[in-house]
Protein chains: 2
Amino acid sequence: MSKSIIDVAKAAGVSKSTVSRVLNNGSVKPETRDKVFRAIKELDYYPNAMARGLKGKSNHIIGVIIPKVAGKTSSVFESKQALSTLNGIEEIISKQDYSLLLIFDLLLTKGNEFKNNDHDYLKYFRENKIDGLIILAKRNEDNNLQNAINEYKPIVYIGERFKDYGGYNIYVHYKKFNKQVYNYLYDEGHTNIVSITDRSTIWEVGVRKYDAYKEFCKEKNIIYEEENIIDVNKLANNIYDVIEDKLESGCTAFYLEDSYITIKIMNILYEMNKKVPDDVSVISIEHGGNDISAIYPFITTVNIPNYEMGKESAKLLMDILQNRPVNDKEILLKPHMIERKSVKIIEK
Amino acid sequence: MSKSIIDVAKAAGVSKSTVSRVLNNGSVKPETRDKVFRAIKELDYYPNAMARGLKGKSNHIIGVIIPKVAGKTSSVFESKQALSTLNGIEEIISKQDYSLLLIFDLLLTKGNEFKNNDHDYLKYFRENKIDGLIILAKRNEDNNLQNAINEYKPIVYIGERFKDYGGYNIYVHYKKFNKQVYNYLYDEGHTNIVSITDRSTIWEVGVRKYDAYKEFCKEKNIIYEEENIIDVNKLANNIYDVIEDKLESGCTAFYLEDSYITIKIMNILYEMNKKVPDDVSVISIEHGGNDISAIYPFITTVNIPNYEMGKESAKLLMDILQNRPVNDKEILLKPHMIERKSVKIIEK
DNA sequence: TTGAAAGCGGTACCAT
DNA sequence: ATGGTACCGCTTTCAA
């Protein structure tokens with residue numbers, strides 16, 4: 001049988017109000033406080049978080065909404081983006097004695113776009129299960145979020161800039177950095193660039209590649225070819241053929257989405273006996289620290305600060321929950337490139 | 001302002017008892033039920049999980065204790081073991097509309113062993129935050145667990161066989177399978193085998209290698225050399241030298257702990273211009289599906305069913321929580337080896 | 001089938 | 001500084 005505050009009160013010879021005060025750092029005479037603490041120890045008493053929550057007290061749980069892409073074989077816990085972000089969140093959260101409630105939200109594919117499941121994540125607020133929420137997902141089309149920020153407890157959205165949102169937002173400018181990558185390759189002499197991307201990723205990185213490429217082509221006066229961005233989800237088992245095709249038609253550089261794709265492509269290039277960067281250049285995105293460079297130490301990569309995004313969002317949330325002043329409701333983080341030896345300089 | 005059961009009762013023109021009955025599938029006249037549901041919809045009412053929990057009702061949250069190894073740079077969300085297991089858990093849990101509360105437990109290093117932090121994970125039960133618990137950790141020395149199984153809600157322990165525990169246990173026989181690996185290499189003609197392992201992993205796989213190797217040596221009449229098991233945590237930056245050393249002293253096969261170590265060693269062997277398996281044989285452990293074979297398609301691996309362990313443990317927990325009959329309190333799962341082309345047959 | 005009321009384990013206000 | 005008590009939102013028993 002579990003002990004209640006009344007048991008403690010009896011054991012300590014005080015009223016339950018006093019015990020409550022001790023528990024909540026109210027003003028209590030030191031001796032009384034000691035008595036109560038002794039009783040708590042003796043009885044091995046722990047306050048019931050549920051009962052506390054009833055009065056609107058924090059339960060020290062924050063929710064993280066993690067998108068699950070329906071139909072994708074690889075699951076949430078295999079996405080480097082999500083994992084790095086969770087890492088960052090955990091780093092902050094666990095120091096503050098908060099715990100993480102993972103809320104999985106199914107993303108349904110709808111043509112080329114995603115649609116959030118009707119699963120209503122806001123119910124976790126309504127049910128009072130969480131004190132705050134971090135959302136890692138495509139949510140630009142999510143109207144609920146708009147209302148939620150007024151109605152409920154704090155919500156931090158991680159991903160792209162959420163226009164007209166007005167809530168807390170940690171973001172990276174995906175289109176911009178994608179363009180920077182294209183420009184970098186261009187400056188090294190590459191014009192026939194093929195991206196292999198993954199639109200079914202949880203964030204918008206892949207999606208923004210299209211706009212970036214379009215702008216890039218326009219600015220550099222290159223003919224825009226839609227097939228120069230390949231969505232792995234659309235490829236069945238013919239990646240090999242597609243790569244071969246692209247190489248034959250003059251592609252000099254591959255821009256790869258993540259470690260999974262990079263590994264796949266590197267294996268294929270190896271089978272083809274193509275050398276990087278002598279035969280073809282390669283540039284990749286690292287979503288989780290050095291997940292690519294650990295395997296291929298010579299590949300030039302762009303590092304997306306997912307870990308930092310997680311960290312910043314958790315910090316922000318903690319600040320809000322603990323009534324510390326918040327400077328910026330929106331924080332922009334920037335990817336950075338690490339040049340290694342996988343991009344060949346092509347003389348023009 | 002959030003709505004309460006009383007608001008619904010008023011709107012529906014019934015008493016709050018009736019609303020409660022509707023919510024909990026008590027017997028209510030169909031028309032009344034309809035009225036109440038309509039009111040619930042209209043008001044956008046959600047029962048407060050806290051208030052429910054107060055009466056001992058399930059809150060549909062299960063906890064997962066995840067060990068964090070203190071001082072290790074790589075974090076929880078980078079351990080393939082933990083991730084695969086979480087994947088399995090998530091797979092089951094989310095179908096049943098439960099969510100996961102992650103509880104991070106710091107593991108302190110104490111000489112060669114680990115010691116659990118004084119962080120008391122049982123408080124999550126005492127505080128009524130969770131309905132059940134899955135523990136992924138080294139806990140063989142944990143006495144609290146012993147009491148906990150009687151005192152609290154269901155706990156499933158994943159890892160090794162937990163002797164004299166009496167609780168729910170999903171396990172793999174680590175020593176046995178380690179020995180099978182050694183025997184396999186022996187049958188292919190290898191006797192000078194070096195393991196590169198990681199004792200600071202969250203589970204006992206690495207630790208059991210020592211016993212396995214000892215037994216193996218005894219049975220096969222090989223001189224047991226402690227330095228033939230190398231703990232990466234003890235190596236500073238001289239892995240390269242150590243590998244070179246071992247190769248020079250006649251080592252014909254490396255038995256590698258996980259994908260991180262495998263990647264590291266493969267890179268070093270590449271630098272040394274040593275070919276696998278011509279110059280040296282390699283066998284690795286996959287903790288997360290094909291995390292190694294995706295990168296090195298020719299490496300022979302042993303697959304530890306972490307995903308399945310997660311799945312089984314979650315199933316078990318769900319069965320218990322939902323009062324379904326439970327057949328086995330202990331479930332043994334078995335790793336399996338996939339032979340590829342990284343082990344050379346040595347003629348004697 | 002339904003309603004009234006007690007109680008779950010706390011918090012917080014009002015007295016003393 | 002401490003105690004008494006109303007109340008948080010819900011479940012459950014008892015009576016009607």
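Only this structure's heavy atoms are used, side chains among them; waters, hydrogens and symmetry mates stay out. Each chain gets a letter, A, B and so on, in the order its sequence line appears, and its residues count up from 1. Computed from a predicted structure; not experimentally measured.
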- Item | Protein-nucleotide distance (Glu31(A), atom CD; dT2(D), atom C1'), rounded to Å | 13 Å
- Item | Nearest-nucleotide comparison on DNA chain C, the residue closer to the 5′ end among Ala51(B) and Ser27(B) | Ser27(B)
- Check whether any side-chain N or O of Thr32(B) sits under 4.0 Å from OP1 or OP2 of dT2(C), and answer yes or no. yes
- Between dG10(C) atom P and Asn128(B) atom CG, what is the distance in whole Å? 9 Å
- Near-strand residues of residues 8-16 of chain B, defined as heavy-atom separation under 4.0 angstrom from DNA chain D: Lys16(B)
- Message: Let me spell it out: for each of Pro47(A) and Lys29(B), pick the nucleotide of DNA chain C with the closest heavy atom. Which residue's pick is nearer the 5' end?
- Response: Lys29(B)
- Let me know, please, whether Asn48(B) or Arg21(B) comes out on the 5' side of the other along DNA chain D by nearest nucleotide. Asn48(B)
- Item | Non-hydrogen side-chain atoms of Leu133(A) and Tyr124(A) separated by less than 4.5 Å | no
- Hits for side chain to side chain donor-acceptor pair (under 3.5 Å) against Asp319(B), two or more places apart or cross-chain, chain-then-number order -> Arg324(B)
- Item | Any Glu42(A) side-chain heavy atom under 4.5 Å of Val8(A) side chain | no
- Are any non-hydrogen side-chain atoms of Leu333(B) and Ile170(B) less than 4.5 angstrom apart? yes
- Please determine, for the side chain of Ser20(A), which listed nucleotide (dT11(C), dT11(D), dG10(C)) has the closest atom? dT11(C)
- Could you please spell out the steps behind the salt bridge (Lys or Arg N to Asp or Glu O under 4.0 Å) verdict for Glu91(A) and Lys95(A)? CA-CA 7 Å; Glu91(A) 167 84 20; Lys95(A) 275 184 201 146; 3.2 Å; yes
- Query: Does the side chain of Ile66(B) come within less than 4.5 Å of Thr85(B)'s, by heavy atoms?
  - Reply: no
- Would you work out how much the helix from dT1(C)-dA16(D) to dT16(C)-dA1(D) bends between its ends, with each end axis defined by five base pairs, to 10 degrees? 40°
- Any chance you could measure Leu43(A), atom CG, to Arg38(A), atom CZ, to the nearest 0.5 Å? 12.5 Å
- Once you round it to whole Å, what is the distance between P of dG9(C) and CE of Met50(A)? 13 Å
- Is any side-chain N or O of Arg52(A) closer than 4.0 Å to OP1 or OP2 of dT11(C)? yes
- Message: If I take atom CG in residue Leu23(A) and atom C1' in nucleotide dA12(C), what distance separates them, rounded to the nearest angstrom?
- Response: 14 Å
- Message: Can you measure Ile40(A) atom CD1 to dG9(C) atom C1' for me and round it to whole angstrom units?
- Response: 14 Å
- Message: For dG4(D), does the base pair up with any side-chain atom of Ser17(A) as donor and acceptor (N or O, under 3.5 Å, distance only)?
- Response: yes
- Message: Please tell me if Tyr45(A) has a side-chain N or O lying less than 4.0 Å from either OP1 or OP2 of dG10(C).
- Response: yes
- Query: How long is the line joining CD1 of Ile5(B) and P of dC7(D), in whole Å?
  - Reply: 18 Å
- Interatomic distance where CD1 belongs to Ile6(A) and P belongs to dG10(C) [whole Å]: 9 Å
- Task: Kindly indicate whether a cation-pi arrangement holds for Lys329(A) with Tyr168(A), taking the cut-offs as under 6.0 Å to the six-membered ring centre and within 45° of the axis.
- Result: yes
- Message: Between Asn24(A) and dT11(C), is there a contact of a side-chain N or O with OP1 or OP2 at under 4.0 Å?
- Response: yes
- Item | Whether Asn59(B) side chain and Lys129(B) backbone form a donor-acceptor pair below 3.5 Å | yes
- With the threshold set at 4.0 Å, does a side-chain nitrogen-carboxylate oxygen contact exist between Glu308(B) and Lys311(B)? no
- Task: Would you mind reading off the distance between Lys129(A) atom NZ and dG9(D) atom C1', rounded to a whole angstrom?
- Result: 16 Å
